[in-house]
Amino acid sequence: GREMSPLPGIILAAGLSRRMEGKCKLLLPFRGRAMVAHAARAALDGGLNPVVLVVGPHSPSEVAQACLKEASAENGRIRVATAERAAMGQAESLKAGLTFMRKLAPDAPGVMVLLGDLPLVDGDLVQRLASAFLAAYHEQNAPFCVVPRAEREGRRGNPAVLHAGLFADVTRLSGDVGARRIIAAHPLLEIPCAGDACLADADTPEAYAALLERTDVPEDMAPRLSRS
C-alpha cells in the first residue's frame, strides 16, 4: 500500500435520483459493484482517511452497506452520516458531511468531495489529487481548491479538494449549489486528466447505458470483472 494521506474524504450519496425512473441510481450495478461502491473503493485506494459517506434520511440501507463492505478489512475507515435535510439540495449533504468529518479529523488540512455517481473515478486519480493538494498546501498560505480537468473536453470535473480555510464558506452554502460557488471564488489548481473519468456520471438512464457500453477498463480492473 500507499502511504495514508492525512486528507479525509466525503462521498455525497444522498441524491434522490429523481431522474432515474424511480430507481436508486447509486445501487445500479456497474462492473460487478453497486455504483456508489466505486466511490468508496476510489477513496480507500487513494489513501483518504477518514471517509464520510453522506446518505439521506430516506436512502436505501443498501447504499451504506455497499460502501461499508468495501472497507470491511479496515474497520472504521468509512463512517456514515445522515443529512436530515438532504432534500433541500446538495449543499445540505456537503454541510452534514463536513460537520461529521471535522469531529473525526479536526486538524484536517482540507477535504476531498467525491460524488456517488462517477464510477470511473479510481484510486489513482484520488491519490493524484490528494498528493497535489498536500504538496501545494505546504507552500500556499491562502486557501485554494484542487480539481481534475479532462484534457480532451477541456472541462473541470470531480472530485474536488477544498482547503480547510474554506470550511466556513461551506457552512454558509444553501440549496443545490454544492461546492461550485466556493471553487469559483478561490485560487484553483487544475490537475490534467487523460480520460473523462472525472466527468462521466450516471445522471440519466442514457448516461448510465453509455457507461455500461464502455470498454476502456483500467488494467487493474480487468481481473475483477470475471468474479462478479
Side-chain angles (χ1 to χ4, degrees), residues 1-13 26 30-54 63 66-74 76-81 93-94 97-98 100-101 104-105 108-138 144-151 155-164 166 178-179 183 188-202 211 214 216-221 224:
R2 297 190 176 101
E3 225 178 297
M4 290 295 285
S5 102
L7 192 66
I10 293 173
I11 300 172
L12 300 181
L26 297 177
F30 182 73
R31 296 181 179 171
R33 289 183 160 90
M35 182 87 60
V36 70
H38 288 274
R41 194 67 259 154
L44 294 167
D45 287 351
L48 303 183
N49 193 30
V51 177
V52 174
L53 174 74
V54 183
V63 170
C67 291
L68 291 169
K69 194 172 119 189
E70 296 296 328
S72 57
E74 310 157 84
R77 242 181 95 191
I78 293 184
R79 304 282 293 274
V80 182
S93 293
L94 186 55
L98 185 66
F100 192 75
M101 184 280 287
L104 300 173
V111 67
M112 188 177 299
V113 181
L114 300 98
L115 305 183
D117 65 348
L118 282 174
L120 297 179
V121 167
D122 62 9
D124 287 332
L125 176 57
V126 167
Q127 201 212 9
R128 276 184 67 205
L129 296 168
S131 299
F133 173 80
L134 292 167
Y137 179 82
H138 295 297
F144 64 97
C145 303
V146 175
V147 293
R149 182 182 179 86
E151 284 185 295
R155 283 168 51 210
R156 293 173 193 156
N158 286 286
V161 187
L162 306 178
H163 189 285
L166 304 174
I183 290 169
L188 194 59
L189 180 58
E190 292 188 351
I191 306 302
C193 297
D196 66 342
C198 66
L199 302 173
D201 64 29
L211 273 176
R214 293 176 65 142
D216 52 337
V217 183
E219 289 302 305
D220 64 325
M221 285 289 289
R224 271 188 232 153

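Model, not experiment: these values are computed from the prediction.
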Value for CD (Q127) from CG (L7), rounded to nearest 0.5 Å, stands at 11.5 Å

Side-chain contact, heavy-atom cut-off 4.5 Å: L114 with L48? yes

What are the two closest non-hydrogen atoms of A66 and A37, and how far apart are they? O-CB, 4.0 Å

Please test L98 against L162 for side-chain contact (heavy atoms from CB on, under 4.5 Å), starting from the C-alpha separation and ending with a verdict. CA-CA 11 Å; L98 185 66; L162 306 178; over 6 Å; no

To the nearest 0.5 angstrom, please state how far the CG atom of D196 sits from the CD atom of E151. 12.0 Å

Working note: D122 + D45, criterion side-chain contact (heavy atoms from CB on, under 4.5 Å); need CA distance, chi angles, decisive distance, verdict. CA-CA 8 Å; D122 62 9; D45 287 351; over 6 Å; no

Among V161, I183, L189, V113, which residue satisfies the side-chain contact (heavy atoms from CB on, under 4.5 Å) criterion with C145? I183

Approximate separation, where rounding is to 0.5 Å, of L120 CG and R31 CZ: 5.5 Å

Taking the six-membered ring for Trp, are H38 and F30 parallel (under 30°), tilted (30 to 60°) or perpendicular (over 60°)? perpendicular

Smallest heavy-atom separation, I191 atom then A132 atom, equals CD1-CB, 3.5 Å

V36 versus C67: any side-chain heavy-atom pair under 4.5 Å? yes

Evaluate side-chain contact (heavy atoms from CB on, under 4.5 Å) for D201 paired with L115, printing each intermediate quantity in order. CA-CA 9 Å; D201 64 29; L115 305 183; over 6 Å; no

For a side-chain contact (heavy atoms from CB on, under 4.5 Å) check, start with the C-alpha distance between V121 and N158, then their side-chain angles and the critical distance, and finish with the verdict. CA-CA 8 Å; V121 167; N158 286 286; over 6 Å; no

Pairwise distance CD(E70) to CD1(I78) - rounded to 0.5 angstrom: 7.5 Å

Taking every non-hydrogen atom, the tightest pair across L53 and V63: CD2-O, 4.1 Å

When rounded to the nearest 0.5 angstrom, what distance separates CZ in R156 from CG in L188? 4.5 Å

Heavy-atom pair with the smallest gap, counting every atom of P192 and R128: O-NH2, 2.8 Å

Distance (rounded to the nearest 0.5 Å) between M112 CE and L125 CG: 7.5 Å

Do the side chain of R155 and the main chain of L199 share a donor and acceptor less than 3.5 angstrom apart? no

A108 versus M101, closest heavy-atom pair with distance: CB-SD, 4.2 Å

For L118 and A197, which heavy atoms make the closest approach, and how far apart are they? CD2-O, 4.2 Å

